[in-house]
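Note that these values count all heavy atoms, side chains included, but never hydrogens, waters or copies made by symmetry. Chain letters run A, B, ... following the sequence lines, proteins first and then strands; every chain starts at 1.
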2 protein chains.
Amino acid sequence: MALYGASTEYVLHSLLWLVDNPEPVSSLDLAELQDIPAAFVAKQLPKLEKAGLLIASEGLRGGYRLANPADEISVLAVVDAVEGRKSLFNCQEIRGRCVLFDQQPPRWATQGVCGIHGVMLRAEQAMRQELSQTSLADLARSVRDKAPSPFFGEAQSWFDGRVQTRRTSKVRQRKRSDVS
Amino acid sequence: MALYGASTEYVLHSLLWLVDNPEPVSSLDLAELQDIPAAFVAKQLPKLEKAGLLIASEGLRGGYRLANPADEISVLAVVDAVEGRKSLFNCQEIRGRCVLFDQQPPRWATQGVCGIHGVMLRAEQAMRQELSQTSLADLARSVRDKAPSPFFGEAQSWFDGRVQTRRTSKVRQRKRSDVS
DNA sequence: CAAAACGCGGACTTATAATATCCGCGTATG
DNA sequence: CATACGCGGATATTATAAGTCCGCGTTTTG
């Protein structure tokens, strides 16, 4: 239905919380703060680490932080890391199937890029060009310009209090305590 | 996997055969000529008629022809007619879900267009701009410049002979003759 | 006028991808 | 050594795309 789906949306929103935040933030914190599916987000972030956009710290108090300054991370880089460089169009080389060629399409018919594929490639290029011109810093700025000052303090407090409140969260695993 | 799928590809290739062809061509002819699924193509073309890009003639010897000169039909118009104005991205308004808002996001958080949605909209606009700049005539020209002259005659002959050869085609319906 | 060849559109099936969850492992912290 | 992480494989659940089938009305043609 759309080229870029919920994975990308979740990830982009999550990354905005990491801008200018030197402390690692866990995927669970990011998910619960934004009320998005935790297990799903946790599955997306390793892709960003492999792409070199995030740095992960393991173990207790671990989490993610940006690998580079936010103004050096383009939306295009994020999208490609999450969705895997999706193309606008998959050419199936219909031009060579014409029955007049009888299974043996001549060279003139299949050489170069298919005209239909060509216009799609140009459109894709225009799209990627636009995505490459916006950075996480740009996005974060547009959000912060709207928010009132007290909000950032509240957000910081929420992160600080996480280690305690997680204990009472709805998402709880039962190691070997589930027996009546 | 891609924003535009096989429907669009089949349709665009089919339309190229209608450029400068005043005689109506049936969907079955278009499908068999290009070796693409006939029932599927037959399902796409009515969309183009409703969009005003094609004119259909019913009954025996019926078929489709372009409603306008090929240089007035953009690839964008075709794609929108077939796929229904797909967007690059579906914003789910994640920004309003932040738990700090406690179910009641303040106005500053949800007013205007979401920054992430915004960059996607700009990219989509750039893509559509590019698709709108290419017409069916442009595509047809790039194909014809490659093909040798005799090819067009062969194609014309194939269409002319269709009414007879269809009789022996593999795709044959059995009205009430299927009894052992 | 009846058969044939069309377009039309709904119902249906299948294939594939997107979304989401679960579980066990290794690792760092305190 | 218990806890809270990241990691990754396996699995379930939808949703969408791709493809098929069938019955109806329309138009030509013999």
**Asked** Is any side-chain nitrogen or oxygen of A:Ser26 closer than 4.0 Å to OP1 or OP2 of D:dA4?
**Response** no

**Message:** Can you work out whether A:Ser27 or A:Ala2 has the more 5'-proximal nearest nucleotide on DNA chain D?
**Reply:** A:Ser27

**Request:** Rounded to the nearest angstrom, tell me the gap between atom CG in B:Asp29 and atom P in C:dA5.
**Result:** 12 Å

**Message:** Without decimals, in angstroms, what is the distance between A:Leu28 CG and D:dT3 P?
**Reply:** 16 Å

**Message:** Tell me whether A:Asp80 is salt-bridged to A:Arg128, with the criterion being a basic N under 4.0 Å from an acidic carboxylate O.
**Reply:** yes

**Asked** For DNA chain C, which residues in residues 7-15 of chain A have a heavy atom at a distance below 4.0 Å?
**Response** A:Ser7, A:Tyr10

**Prompt:** In terms of side-chain heavy atoms, does A:Arg162 have a donor or acceptor partner in A:Ser26 at a distance below 3.5 Å?
**Reply:** no

**Request:** Determine: side-chain N/O of B:Lys86 to OP1/OP2 of D:dA17, distance under 4.0 Å, yes or no.
**Result:** yes

**Prompt:** Which listed nucleotide (D:dA18, C:dC8, C:dT19) is nearest to the side chain of A:Ala6?
**Reply:** C:dT19

**Request:** May I ask whether A:Ile55 and A:Leu16 are part of the same hydrophobic cluster, defined by side-chain heavy atoms of I, L, V, M, F, W, Y residues being less than 4.5 angstrom apart, directly or through others?
**Result:** no

**Request:** Ignoring backbone atoms, test whether A:Lys50 places a side-chain nitrogen or oxygen under 4.0 Å from the OP1 or OP2 oxygen of D:dG8.
**Result:** yes

**Complete:** Rounded to whole Å, the CD1-P distance (B:Ile94 to C:dT19) equals 11 Å

**Request:** Look at the side chain of B:Pro37 and decide which nucleotide, out of C:dT29, D:dG19, D:dC7, has an atom nearest to it.
**Result:** D:dG19

**Message:** Assuming nearest nucleotide by heavy-atom distance, tell me which of B:Glu58 and A:Lys43 is located more 5' along DNA chain D.
**Reply:** A:Lys43

**Prompt:** Taking only residues two or more places apart in sequence, or in another chain, which ones meet B:Pro22 in a side chain to side chain contact (heavy atoms under 4.5 Å, CB included)?
**Reply:** none

**Prompt:** Between atom CG in A:Asn90 and atom P in C:dT16, what is the gap in whole Å?
**Reply:** 14 Å

**Prompt:** Got a salt bridge between A:Arg65 and A:Glu49, using NZ or NE/NH1/NH2 to carboxylate O under 4.0 Å?
**Reply:** no

**Message:** Check for me whether the distance between the ring centres of B:Phe101 and B:Trp108 falls short of 6.0 Å.
**Reply:** yes

**Message:** Could you tell me if the side chain of A:Arg97 sits less than 4.5 Å from the side chain of B:Leu33, heavy atoms only?
**Reply:** no

**Message:** Distance check needed: C:dG7 C1' versus B:Arg65 CZ, whole Å only.
**Reply:** 14 Å

**Message:** Between B:Tyr64 and C:dC8, is there a contact of a side-chain N or O with OP1 or OP2 at under 4.0 Å?
**Reply:** yes

**Message:** Please pick, from D:dT27, D:dG6, C:dT21, the nucleotide with the shortest atom-to-atom distance to any side-chain atom of A:Ala39.
**Reply:** C:dT21

**Prompt:** Counting side-chain heavy atoms from CB outward, which of C:dA28, D:dC7, D:dG6 is closest to A:Leu60?
**Reply:** C:dA28

**Asked** Can the ring centroids of A:Trp17 and A:Tyr10 be said to lie less than 6.0 angstrom from one another?
**Response** no

**Value in whole Å for how far the C1' atom of C:dT16 lies from CE of A:Met1** = 18 Å

**Message:** Distance check needed: D:dA4 C1' versus A:Glu32 CD, whole Å only.
**Reply:** 13 Å

**Fill in**
Atom CD of A:Gln92 and atom C1' of D:dA18 are separated, to the nearest Å, by 10 Å

